Number of protein chains: 2
Amino acid sequence: MLKINKLADYGLVVMSCLAQQTRPLNARGVTELTHLSLPTVKKVLKLLARAGLLVSVRGAQGGYALARTPELISLSCVLVALDGELSITDCSQAAGLCMVEHFCGIRHNWKMINQLFQKILNDITLADMLKPKMKLNVCLPETVS
Amino acid sequence: MLKINKLADYGLVVMSCLAQQTRPLNARGVTELTHLSLPTVKKVLKLLARAGLLVSVRGAQGGYALARTPELISLSCVLVALDGELSITDCSQAAGLCMVEHFCGIRHNWKMINQLFQKILNDITLADMLKPKMKLNVCLPETVS
DNA sequence: TTAAAATGGGACTATTTTAGTACTCATTAA
DNA sequence: TTAATGAGTACTAAAATAGTCCCATTTTAA
Ligand code: FES
Ligand code: FES
């Protein structure tokens, strides 16, 4: 449960690959470094560029580079770009998606959990993911109301 | 992203419904209280019973009841029963599922995040979910190694 | 003893989502 | 001018999900 789709997973691999480059890298280059298939890499790169996380340089000698430094790229925004907003249940995000909404006493609590997870993913940056052993500093009793 | 499947969602609704009963309730009774469809309710009840979260009483006047008090039922075990183990990415749980495992520098960090989420869902109980406004007390810098 | 009420287990189908691929157009450096 | 490269879009195949149905087993109650 709670799986992100593969595209999002690959997306993070690609992002961390590009974070280690000093100049734009093209799709083939990413393929060689990550061992992911070329069509998949292309798809991921396009989506990330469209989301504004990568800048693309067209034409010969073109390629992709991070739009910001890894410290300013949250895990959350990468995942959202490739796998949509975080919503643990259909009902925890928008209204009207769940048929038992009116009879359900747990919707509010799902929303709280959803917010907590969102905050966690927001606080982790690409730079953190690049570290061999990331530190997770989670201490958010104030998230709760 | 990070959605649990509908069965798991319904499962929690059913569990919270049963938590408010004083005697075993049959599938039809659950349907009436939750407004979920009967076949779906039956499926969920069977899965929860098999997982040991509910005890079933067969025969006339039979039905289902919680196997333990709500304080002793974690959100985690309900979700696992209906939607499998928590694993954000294929690679964060077991080895050998991801084709780029050998070239991937972020696998360890995914595992950390996975553990954190697991701990959060473990610490929330069914009793918490029944409260109108749950308190989330997350403060686990020691989870990290 | 019998009939009715209920769960248990499993199989099945339609739908939706996901993964992966292919093709054409636009842009740019050399 | 030309070759390299990204942008956009459409498509197919495979997998997961949701929802339904059927029949055997068990137990209560008439
Ligand atoms: S299960 Fe959908 S609103 Fe509660
Ligand atoms: S993406 Fe699978 S091991 Fe890292």
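So you know, we letter chains A, B, ... as the sequences are listed, proteins then strands, and number each from 1. From a predicted model like this one, the values you see are computed outputs, not experimental measurements. For the numbers below, each heavy atom of this structure counts, side chains included, while hydrogens, waters and symmetry mates do not.
We find that A/Asp128 and A/Lys131 are joined by a salt bridge, their nearest charged nitrogen and carboxylate oxygen being less than 4.0 Å apart.
With hydrogens and angles ignored, a donor-acceptor pair under 3.5 angstrom links the side chain of B/Lys46 to the base of C/dG9. Residue side chain A/Arg58 reaches the base of C/dA26 through a donor-acceptor N/O pair under 3.5 Å, judged by distance alone. Side-chain N/O atoms of B/Lys6 and base N/O atoms of D/dG19 include no donor-acceptor pair closer than 3.5 Å.
Toward the 5' end of DNA chain D, the nearer of the two residues A/Ala60 and A/Arg50, judged by each one's closest nucleotide, is A/Ala60. Checking B/Thr40 against A/Val57, the closest nucleotide of DNA chain D that is more toward the 5' end is the one next to A/Val57. Both B/Gly62 and A/Lys43 lie near DNA chain C, and the one whose nearest nucleotide falls closer to the 5' end is B/Gly62.
Whole-Å rounding puts the B/Leu38 CG to C/dA6 C1' distance at 12 Å. The distance from atom OH of B/Tyr64 to atom P of C/dG9 is 9 Å, rounded to the nearest whole Å. Protein atom CE of B/Met1 is 17 Å distant from nucleotide atom C1' of C/dT18, rounded to whole Å. Regarding A/Arg23, its CZ atom lies at a distance of 13 Å from the P atom of D/dT5, rounded to whole Å. A straight line from CG of B/Leu7 to C1' of D/dA16 spans 13 Å, rounded to a whole angstrom. Note: CZ (A/Arg28) to P (D/dT5) measures 7 Å, nearest angstrom. Taking atom CG on B/Asn26 and atom P on C/dA4, their separation rounds to 18 Å, with Å as the unit. Put simply, CD on B/Gln61 is 11 Å from P on C/dT7, counting in whole angstrom units.
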Practice item. Starting from the C-alpha separation in whole Å, work towards a yes-or-no answer on side chain to side chain contact (heavy atoms under 4.5 Å, CB included) for A/Ile120 and B/Ile120. Key: CA-CA 11 Å; A/Ile120 292 174; B/Ile120 292 173; 3.6 Å; yes
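Between A/Ile124 and A/Met129 the shortest side-chain heavy-atom distance falls below 4.5 Å. Between B/Tyr64 and B/Lys46 there is a side-chain heavy-atom pair separated by less than 4.5 Å.
Using a 4.0 Å heavy-atom criterion, one finds that A/Lys42 contacts no nucleic acid atom at all.
Heavy atoms only, all atoms of each residue included: A/Gly11 and A/Leu82 are closest at CA-CD1, 3.4 Å.
OP1 and OP2 of C/dT18 both lie 4.0 Å or more from every side-chain N or O belonging to A/Tyr10. Distances shorter than 4.0 Å separate some side-chain N or O of B/Asn5 from OP1 or OP2 on D/dA18. Phosphate contact (OP1/OP2 of C/dG20, side-chain N/O of A/Ser37, threshold under 4.0 Å): absent. Residue B/Ser56 places at least one side-chain N or O under 4.0 Å from the OP1 or OP2 atom of C/dG8.
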